[in-house]
Amino acid sequence: MKTVIFDLDGTLADTSRDLICAANACFSRAGHGDLLDPVADAATAFRGGRAMLTLGYDRLGLGAAEVERDYPYLLEWYGENIDTHTVMYPGAVAAVERLRAGGYAVGICTNKPEGLAETLLTRLGVRSLFASLIGADTLPVKKPDAAPFVAAVEQAGGEVARSLLVGDTVTDRETSRAAGVPSLLITFGPSGRGVADLAPEGLLDHYDDLDREVARLIG
């Protein structure tokens, strides 16, 4: 079965503001106030919790010890406030529904911890749209290793040879290369059309165009 696997953060949903709030909660608890800006630092948010903590503490000349100390609290705080500001990108839900109606298997491969991804998708009311969900801690390895992508395809009932990855970052591009499949990178995230520099097989300017691009890449 032809299969489309999606990244989650920054691809299907704009989670950046809630992620930044979680990092700032850590900084505030340590007495530093908000160190990250929800707009200017959105791209770092999509790289994960440790990346956000590292950026903030770098601005204070602090380092790895503070990051590791605060990371568990970041996950706890984020889990309790996971959908305060998060929204699906325009047209994403309809596009996934069209793929399913067209006979494609659809799943998610994310570097968000699996439990948090389950919670977020459930609260957004879209978990049932996806036949698979592989998170950062589902397997011993995470993206850009190919194994999580392969697992997402197989869990969805698809075939790797007839699949592609929709994502937004260099991690997704490297994952698709490792798996030997095409990548389709969105241009409406913080990096904009700068993702073209990663030389993906396709660019997605809006989810209204997803069907056409998927058909072009995997039929």
Side-chain angles (χ1 to χ4, degrees), residues 3-26 36-39 41-53 55-56 70-100 104-139 141-144 148-149 151-153 155-156 165-169 171-172 175 184-186 188-191 204 206-207 210:
T3 308
V4 180
I5 299 298
F6 293 86
D7 174 52
L8 177 53
D9 295 74
T11 298
L12 283 169
D14 185 354
T15 57
S16 61
R17 188 171 293 270
D18 284 325
L19 289 165
I20 293 290
C21 286
N24 280 335
C26 295
L36 300 184
D37 181 87
V39 176
D41 296 319
T44 300
F46 294 140
R47 290 171 48 216
R50 285 188 173 86
M52 292 188 296
L53 293 173
L55 177 61
D70 285 356
Y71 186 65
Y73 181 70
L74 182 148
L75 293 180
E76 177 186 349
W77 195 98
Y78 180 63
E80 294 172 355
N81 303 273
I82 198 167
D83 62 339
T84 302
H85 304 288
T86 292
V87 294
M88 297 288 285
Y89 280 114
V93 172
V96 171
E97 290 174 337
R98 289 195 305 273
L99 288 177
R100 284 163 49 92
Y104 292 90
V106 182
I108 290 176
C109 182
T110 175
N111 275 352
K112 182 189 283 306
E114 182 181 342
L116 289 177
E118 284 276 4
T119 298
L120 178 59
L121 291 166
T122 299
R123 291 191 185 178
L124 292 175
V126 298
R127 178 63 184 91
S128 63
L129 293 179
F130 301 96
S132 65
L133 172 58
I134 302 297
D137 51 357
T138 307
L139 303 178
V141 294
K142 60 183 181 178
K143 296 185 297 183
F149 174 83
V153 173
Q155 190 181 95
L165 175 60
V166 182
D168 68 309
T169 66
T171 298
D172 296 311
T175 302
L184 184 57
L185 300 184
I186 65 147
F188 40 85
S191 299
L204 187 66
H206 192 283
Y207 271 108
L210 181 64

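Starting from 1, each residue takes its place in the sequence as its number.
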Interatomic spacing from CG in Asp41 to CZ in Arg17 - rounded to 0.5 Å: 11.5 Å
Sidechain-backbone polar pair: Thr86 side chain, Asp83 backbone, donor-acceptor under 3.5 Å: no
Distance (rounded to the nearest 0.5 Å) between Leu133 CG and Lys112 NZ: 11.0 Å
pair Ser132-Ile5: side-chain heavy atoms closer than 4.5 Å: yes
Minimum heavy-atom distance between Ala42 and Pro38, given as atom pair plus value: CB-O, 3.7 Å
Main-chain N/O of Lys143 paired with Asn111 side-chain donor or acceptor, under 3.5 Å: yes
side-chain contact (heavy atoms from CB on, under 4.5 Å) assessment of Ile134 paired with Lys142: CA-CA 9 Å; Ile134 302 297; Lys142 60 183 181 178; over 6 Å; no
Exercise answer: donor-acceptor pairs, residues 44-51 side-chain atoms, under 3.5 Å, sequence neighbours excluded:
residue : atom : partner : partner atom : Å
Arg50   : NE   : Glu68   : OE2          : 3.0
Arg50   : NH2  : Glu68   : OE1          : 3.3

Check against side-chain contact (heavy atoms from CB on, under 4.5 Å), Leu121 and Leu8: CA-CA 9 Å; Leu121 291 166; Leu8 177 53; 3.9 Å; yes
Heavy-atom closest pair, residues Thr3 and Ala156: CG2-CB, 4.4 Å
Leu129 backbone acceptor or donor facing Arg100 side chain under 3.5 Å: yes
Gap separating the CG atom of Asp168 from the CG atom of Leu185, nearest 0.5 angstrom: 7.5 Å
Aromatic plane relationship, Phe130 with Phe6 - under 30° parallel, 30 to 60° tilted, over 60° perpendicular: perpendicular
Ala23 versus Leu74, closest heavy-atom pair with distance: CA-CD1, 3.8 Å
CG-CG distance between Asp172 and Leu184, expressed to the nearest 0.5 angstrom: 11.0 Å
Distance (rounded to the nearest 0.5 Å) between Ile82 CD1 and Thr119 OG1: 5.5 Å
Shortest non-hydrogen separation from Gly79 to Leu116 and the atoms involved: CA-CD2, 3.7 Å
CG on Leu19 to CG on Asn24, rounded to 0.5 Å: 11.0 Å
Closest contact, heavy atoms only, Val141 versus Pro148: O-CG, 3.5 Å
Where His206 and Gly91 come nearest, the two heavy atoms and their spacing: CE1-CA, 4.4 Å
Candidates Tyr78, Trp77, Tyr71 - the one meeting side-chain contact (heavy atoms from CB on, under 4.5 Å) with Leu75: Tyr71
side-chain contact (heavy atoms from CB on, under 4.5 Å) partner of Ile108, chosen from Leu12, Val126, Val166, Val96: Leu12
Note, Tyr73 side chain near Leu53 side chain (heavy atom, < 4.5 Å): no
Asn81 (side chain) donor-acceptor with Asp18 (main chain) under 3.5 angstrom: no
